[in-house]
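Input: a single structure, listed below in structure tokens.
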Amino acid sequence: MPALTSIRTTGDSKIEIVNQLLLPHTTEFLEINTIDEAHDAIKTMKIRGAPAIASLAALAFAADLSRVSTTLASPEDVRSYVTPILAHLYTARPTAVNLGAATRRLTAILDASIAAGKSAKEICNDLISEAHKINDEDLSRNKSMAKWGGDWLADVVKQNGGSGIELNVLTVCNTGSLATSGYGTALGLITYLHETGKLGKAYYTQTAPYHQGSRLTALELQTLQIPSVMICDTMVGSLFQHHNIHAVAVGADRIAKNGDTANKIGTYNAAVLAARHKIPFIVVAPISTVDLSIADGSGIPIEHRPPLEACLVRGAVYPPPADGAGKQAVVMLTPPNLSLEGIYNPSFDVTPAELITAIVTEKGVATRREGETVFDLSGVV
């Protein structure tokens, strides 16, 4: 069956995203016509996943610049128009480094084109072309990462006396087609193992409080007909005690120079438990996620979501009412007078490099040298 998609485009300017807040019960595509609409979609998590966020920002930027390019008479006009837009887009989800990488990449093209003495029209064309490249590159690199990581895992299992097939892999959050431009990162690795006949089962956490696992990963695995099992976030230790899990594969929103990795909240918990049970812990993320300007995880900004989000859950009414199949509702799980100041709701945590077995990018697999607690990422960036 065809994979799901987070973004679809028609022509040069029509952009639509699937509203991930309504999945898996309702599939609604929202048209994105302005920079502010793109910013809001990213900030409110109608679209999420570091690569998908960067793709939407780039496509919205290209569409906006295409509409106004004829009104920009000089290179400085282009700079004055473009610079605040890129700065504004970056503020939507600052932890996701792909977004910052995309805005910096476009800024570099702007500076280079102006320095080359190009006309305003040529500069706009360069920026629009680069923005589309940011989106188009994602699918091919995801497939490369999936193959690198999947083959590496199968080889490691064989080296340890296993067959290299019927591999059981746990993942956290959602890192498939809905989080990227297609195929996915960590979920791409699982998909690759399934396609090559090496997967036993995919296990995935619900990933509270936003439930990207139970809502989105469940839907993607179901759509791809991949054998899978959902667990609550607090069941990871029990799973490792009672089932043969060959690896944990997760994505990343930012990787520091030493390999410390920020990812969806709950990832660190899984890494600690994986280390206790000697289960390989694999981070799968594109080169754009590696931030060499940050020495270690202490320098990664951690986004905190509105406290109320931890009190609410959205889903289909159950049992379905006779007159409203598919009807959705938002319900509060906590006491109605719970103080919002008493709620801790970070969106991400940081897994130290010493708990990570391998970091996979589109260039290959990095592992830590014997006795070292940090990564040398020079070969995979």
Side-chain angles (χ1 to χ4, degrees), residues 49-55 58 95-102 104-105 108 133-156 169 171-177 179-193 195-196 247-264 267 271 274 280-297 299-300 348 350-369 372-381:
I53 287 169
S55 288
T95 300
V97 72
N98 302 59
L99 179 58
R104 289 192 298 273
R105 181 170 163 180
K133 286 179 184 177
I134 290 170
N135 175 62
D136 294 341
E137 290 166 357
D138 195 37
L139 177 59
S140 61
R141 71 186 179 190
N142 289 346
K143 290 190 173 183
S144 294
M145 286 186 284
K147 187 177 189 308
W148 278 114
D151 289 347
W152 177 86
L153 175 59
D155 287 344
V156 166
V169 182
T171 192
V172 175
C173 197
N174 174 255
T175 57
S177 293
T180 64
S181 296
Y183 208 72
T185 55
L187 200 59
L189 182 154
I190 288 171
T191 301
Y192 172 77
L193 291 175
E195 291 173 346
T196 55
V248 179
V250 302
D253 285 81
R254 188 176 302 211
I255 301 171
K257 185 177 182 179
N258 72 337
D260 291 354
T261 296
N263 193 51
K264 185 56 58 183
T267 301
F281 191 91
I282 308 167
V283 174
V284 186
I287 289 169
S288 59
T289 307
V290 180
D291 189 347
L292 297 178
S293 70
I294 292 180
D296 56 50
I300 299 176
F348 305 94
V350 175
T351 299
E354 65 191 77
L355 296 178
I356 299 170
T357 313
I359 295 176
V360 182
T361 75
E362 61 266 42
K363 283 194 173 183
V365 181
T367 56
R368 289 181 288 109
R369 294 188 180 94
E372 293 190 357
T373 59
V374 301
F375 281 82
D376 175 6
L377 299 176
S378 60
V380 296
V381 297

TODO: Could you go through the side chain to side chain contact (heavy atoms under 4.5 Å, CB included) check for I282 and V169 one step at a time?
DONE: CA-CA 10 Å; I282 308 167; V169 182; over 6 Å; no
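- When side chains are defined from C-beta on, F375 counts as touching I356, because their heavy atoms get closer than 4.5 Å.
- Here the CE atom belonging to M145 is positioned 6.0 Å from the OG1 atom belonging to T185, to the nearest 0.5 angstrom.
- Side chain of T261 to backbone of I255: no donor-acceptor contact under 3.5 angstrom is found.
- Closest non-hydrogen pair, A358 versus V365, comes out as CB-CG1, 3.8 Å.
- Once rounded to the nearest 0.5 Å, the distance linking OG1 of T373 with CG of L355 reads 10.0 Å.
- Taken from NZ in K133 to CG in D138, the straight-line distance is 16.0 Å, to the nearest 0.5 Å.
- Under the salt bridge (charged side-chain N to carboxylate O under 4.0 Å, His left out) criterion, D155 pairs with no residue, sequence neighbours left out.
- Evaluation of the side chain to side chain donor-acceptor pair (under 3.5 Å) rule for D296 yields S298 as partners, not counting sequence neighbours.
- You'll find the side chain of L377 reaches within 4.5 Å of the side chain of V290, heavy atoms only.
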Task: Test log, rule side chain to side chain contact (heavy atoms under 4.5 Å, CB included), inputs N174 and L187 - done: CA-CA 7 Å; N174 174 255; L187 200 59; 4.3 Å; yes
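- Closest approach of A146 and G188 over heavy atoms only: CB-O, 3.3 Å.
- Listed here is the closest heavy atom pair of T180 and G182: OG1-N, 3.0 Å.
- Counting only residues at least two apart or in different chains, salt bridge (Lys or Arg N to Asp or Glu O under 4.0 Å) contacts with residues 144-153 comprise K147-D151, D151-K198.
- Applying the side-chain hydrogen bond (donor to acceptor under 3.5 Å, both in side chains) rule to pairs touching residues 350-368 yields nothing, sequence neighbours excluded.
- Here the side chains of S288 and R141 are in contact, with some heavy-atom distance below 4.5 Å.
- Residues A186 and V284 approach most closely at N-CB, 3.8 Å, considering heavy atoms.
- Partners of L139 under the side-chain contact (heavy atoms from CB on, under 4.5 Å) rule, at least two apart in sequence or in another chain, are K143, Y183.
- In this structure, the side chains of T175 and V250 stay at 4.5 Å or more apart for every pair of heavy atoms.
- A search for side-chain contact (heavy atoms from CB on, under 4.5 Å) contacts involving A256 returns N258, D260, I294, I300, not counting sequence neighbours.
- For CH2 of W148, the number of neighbouring non-hydrogen atoms (other residues, nucleotides, ligands) closer than 6.0 Å is 12 at most.
- The side chain to side chain donor-acceptor pair (under 3.5 Å) check on N263 picks up T267, with sequence neighbours excluded.
- The side-chain contact (heavy atoms from CB on, under 4.5 Å) test applied to S55 returns I7, N135, S181, not counting sequence neighbours.
- The side-chain contact (heavy atoms from CB on, under 4.5 Å) search around A50 returns A96, N98, D253, not counting sequence neighbours.
- For the residue pair P352 and V350, the shortest heavy atom distance occurs at CD-O, 3.6 Å.
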